[in-house]
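First up is the structure itself, then whatever we jot down about it.
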Protein chains: 2
Amino acid sequence: MTNIRDLAREAEVSVTTVSRVLNDHPYVAEDKRRAVQDAITKLGYIRNQTAVQLSTGQTKTIGVMLPYVDHPYHAAILHGIAQCAFEEGYRFLTWQTNYIASHEQTVLQALAQREVDGLIVVSHSLPVDEILRYEQYGPIVFCEHHEDVSSVYINHYTAFQSGLKTLQSFGHTQIGICLGRPDSTNSRARKQAYQDTVSPEDTSWIYQQALTIEDGADIARQWSNQSCRPSALLTASDHVAAGIILELRKQGYRIPEDLAVIGFDGSDLAVVLNLTTVAVPYETIGRQAFFIAISDNWRDHPQIEIPTALLSGLTAVKVKE
Amino acid sequence: MTNIRDLAREAEVSVTTVSRVLNDHPYVAEDKRRAVQDAITKLGYIRNQTAVQLSTGQTKTIGVMLPYVDHPYHAAILHGIAQCAFEEGYRFLTWQTNYIASHEQTVLQALAQREVDGLIVVSHSLPVDEILRYEQYGPIVFCEHHEDVSSVYINHYTAFQSGLKTLQSFGHTQIGICLGRPDSTNSRARKQAYQDTVSPEDTSWIYQQALTIEDGADIARQWSNQSCRPSALLTASDHVAAGIILELRKQGYRIPEDLAVIGFDGSDLAVVLNLTTVAVPYETIGRQAFFIAISDNWRDHPQIEIPTALLSGLTAVKVKE
DNA sequence: TTGTAAGCGTTATCAG
DNA sequence: CTGATAACGCTTACAA
């Protein structure tokens, strides 16, 4: 492998000069510059990035911690990160954690080991303080809201509230919700919105552990077996909404007449099923998170709230008198 | 940042011994090993990966070139790669190219610059020989079939043929197809399967540039405006199938009575819409590609064909006599 | 404008 | 079993 010293010998200059040419530094005579460039093509030189990284102490790489790369909204965040990273000359390493704590530790370790300049935490199961202990090694940006932490997030409280109020404005009084992981920050905020906005007498209308299409189908069966059931449901995701709708239709129920359903995410599924849904600009979240991760004001713990929007579909309409 | 030399000083041994302890080498006396370990905890030492990489000449990282991280099937391949990479102690860098040639060049450059030990090309627009020129720098594994190239792929010819034969077995004689990027390897194989299997008189039943849900809707409109139209359609992806079905239902047509539709991919969309589809195990493709990329027999250009399976749904059924 | 030489933090060779 | 010491390939004071 030809290196910078071979180049120097070939071009009859010093390694410093070669390095200067390589990095477009000023103060290099035109003839020497050309000599170096000739040497580069003649010897087929290719710069070794690892050596650059060791020398500069920067990797120009940021790490991304997420549970599943193939979940639509995580992938959408990744998309935003990918766009900006490329534009800014950065690379990104992705770690899929499956929400396993030890896997998340590995990612934090990578930051400590200088494999990445910074970290974007899309979602996590480790306690926040434990993650923050690694902030001494570089910026850590969350895609969820936490106090005293760099984060780009949507307000799950107001987002859920907008869904609930929409259902109320349609005349619904018996409203239920689906929540994902029971003790996640997001679920807590959503539940709070539910309690504040709907103040339900019956807590059996909170369906937990709603993550997949299959979970949705389960919930639908649960619903149809209940003696006292809600007339409207704000779900945790479009996937869950899809599962509910499909199972209920299979059982002969009509949507939204028998049950009004609102999804969450604004995914492809919502388009296909004409779902009413709370649309989340995940790509924007990724973009903003990236820029915080590479900016030097990350120590101020900037917080950026990204607005959501209710997207009208056909699965939730006004109740007829 | 404390380094291996500080450790040596603290433990009163040589750097070599420290390195041996760090790498679990044999031939280290128990007392010295312990002394080093104590120094590590006392000084809060964390190994610098970049230095290891420079010294060993290995990055334990593989690169992934793909057009879009958030397209379901590419994400599924990524998922497979992510699983294996983690298990094997590897990391992976993802580059989203948007099929832009210059972006793809950047990725190849990264391989040449030793940023990654190997490359998995999920999909590309650059000519294969141009990509292969970089094989001198490390393994390049394709997720598409090409001659004399390491690859893990599905046989688009037989996969498409299975879809077409299914339609024929249902009594359809007027069959059309949708193709994605016109001059991709995959599209060519699919078109060939169409010509060999259906031998259509009318070539106006080949719908090009079918990639998204919206493209599907366009095709549906095109179809409904045709005087002579197919009774069945094998589409390029579940997304396209979804677009077609939704638009057609909106126009009052019935699926599969007015038009039988088969999707491709076996995605979530297929589940939601009860699509008949050609299911592709994308995750498996990712896993296998990864293992070729890190194995040392990649120079033999191993080729692995992954089988597909027809998944029955409700959008293509037997034509009534 | 140019060059010398000292890092960056490891690993690996080779002699003890 | 242990330790000097030379790589790995680049950047960057500092000096000229």
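Letters A, B, ... mirror the listed sequences (proteins, then strands); counts begin at 1. Everything numeric here is computed off the predicted structure, so don't read it as measured data.
- Note: A:H103 and B:F86 meet the aromatic proximity criterion, with ring centroids under 6.0 Å apart.
- As a whole-Å value, the separation of B:Q58 CD from D:dA7 P is 21 Å.
- Using a 4.0 Å cut-off, some side-chain N or O of B:N3 falls inside it from OP1 or OP2 of C:dG9.
- Side-chain nitrogen and oxygen atoms of A:Y45 include at least one within less than 4.0 Å of the OP1 or OP2 phosphate oxygen of D:dC10.
- Scanning atom types as modelled, one donor and one acceptor separated by under 3.5 angstrom connect the side chain of A:T16 and the base of C:dT4.
- Look at CE on A:M1: it is 12 Å from C1' on D:dA7, rounded to the nearest Å.
- As judged by a 4.0 angstrom heavy-atom cut-off over every strand, B:V28 is placed among residues touching the sugar-phosphate backbone only.
- Ring-centre distance between A:Y90 and A:F290: below the 6.0 Å cut-off.
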**Item:** Check against side chain to side chain donor-acceptor pair (under 3.5 Å), A:T59 and A:E115
**Value:** CA-CA 7 Å; A:T59 60; A:E115 289 187 61; over 6 Å; no
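- Using a 4.5 Å cut-off on side-chain heavy atoms (C-beta onward), A:Q109 and A:Q105 make no contact.
- For A:A51, the side-chain atoms get nearest to D:dG9 when compared with the rest of D:dG9, D:dT11, C:dG9.
- Looking at the side chain of B:V15, the nearest of the listed nucleotides C:dG3, D:dT5, C:dT10 is D:dT5.
- An OP1 or OP2 oxygen of D:dG3 is reached within less than 4.0 angstrom by a side-chain nitrogen or oxygen of B:T17.
- Across the protein-nucleic acid pair, B:L7 atom CG and D:dT2 atom P stand 16 Å apart, rounded to whole Å.
- Look at B:S19 and you'll find a side-chain N or O under 4.0 angstrom from OP1 or OP2 of C:dT11.
- Counting to the nearest Å, the P atom of C:dT13 and the NE2 atom of B:H25 are 10 Å from each other.
- Remark: A:S14 is in phosphate contact with C:dG3, judged by side-chain N or O atoms under 4.0 Å from OP1 or OP2.
- The base of D:dG9 does not come close enough to the side chain of B:R114 for any donor and acceptor atom to sit less than 3.5 Å apart.
- Taking 4.0 angstrom as the limit, B:R20 places none of its side-chain polar atoms (N or O) nearer than this to OP1 or OP2 of C:dT13.
- Of the candidate nucleotides D:dT2, C:dT11, C:dT4, C:dT11 has the atom nearest to the side chain of B:I4.
- Look at A:R5 and you won't find any side-chain N or O under 4.0 angstrom from OP1 or OP2 of D:dA7.
- Taking for each of B:A29 and A:R47 the nucleotide of DNA chain D with the nearest heavy atom, the 5'-most of the two is the partner of B:A29.
- Rounded to an integer number of Å, the gap from A:Q53 CD to C:dT10 C1' is 14 Å.
- Proximity note for A:S55 (side chain, C-beta onward) versus D:dG9, C:dT11, D:dA4: the nearest is D:dG9.
- Between B:H124 and B:H146, the distance from one ring center to the other falls under 6.0 angstrom.
- Of all nucleotides listed (D:dT11, C:dT11, D:dC8), D:dC8 comes nearest to the side chain of B:L54.
- Here the P atom of nucleotide C:dG3 and the NZ atom of A:K32 are 4 Å apart, to the nearest Å.
- When the shell of 6.0 Å around CD of B:E130 is examined, it contains more than 12 heavy atoms from other residues, nucleotides or ligands.
- Here the C1' atom of nucleotide C:dC8 and the CG atom of A:N48 are 13 Å apart, to the nearest Å.
- Rounded to a whole Å, the OH atom of A:Y27 is 17 Å from the P atom of D:dC14.
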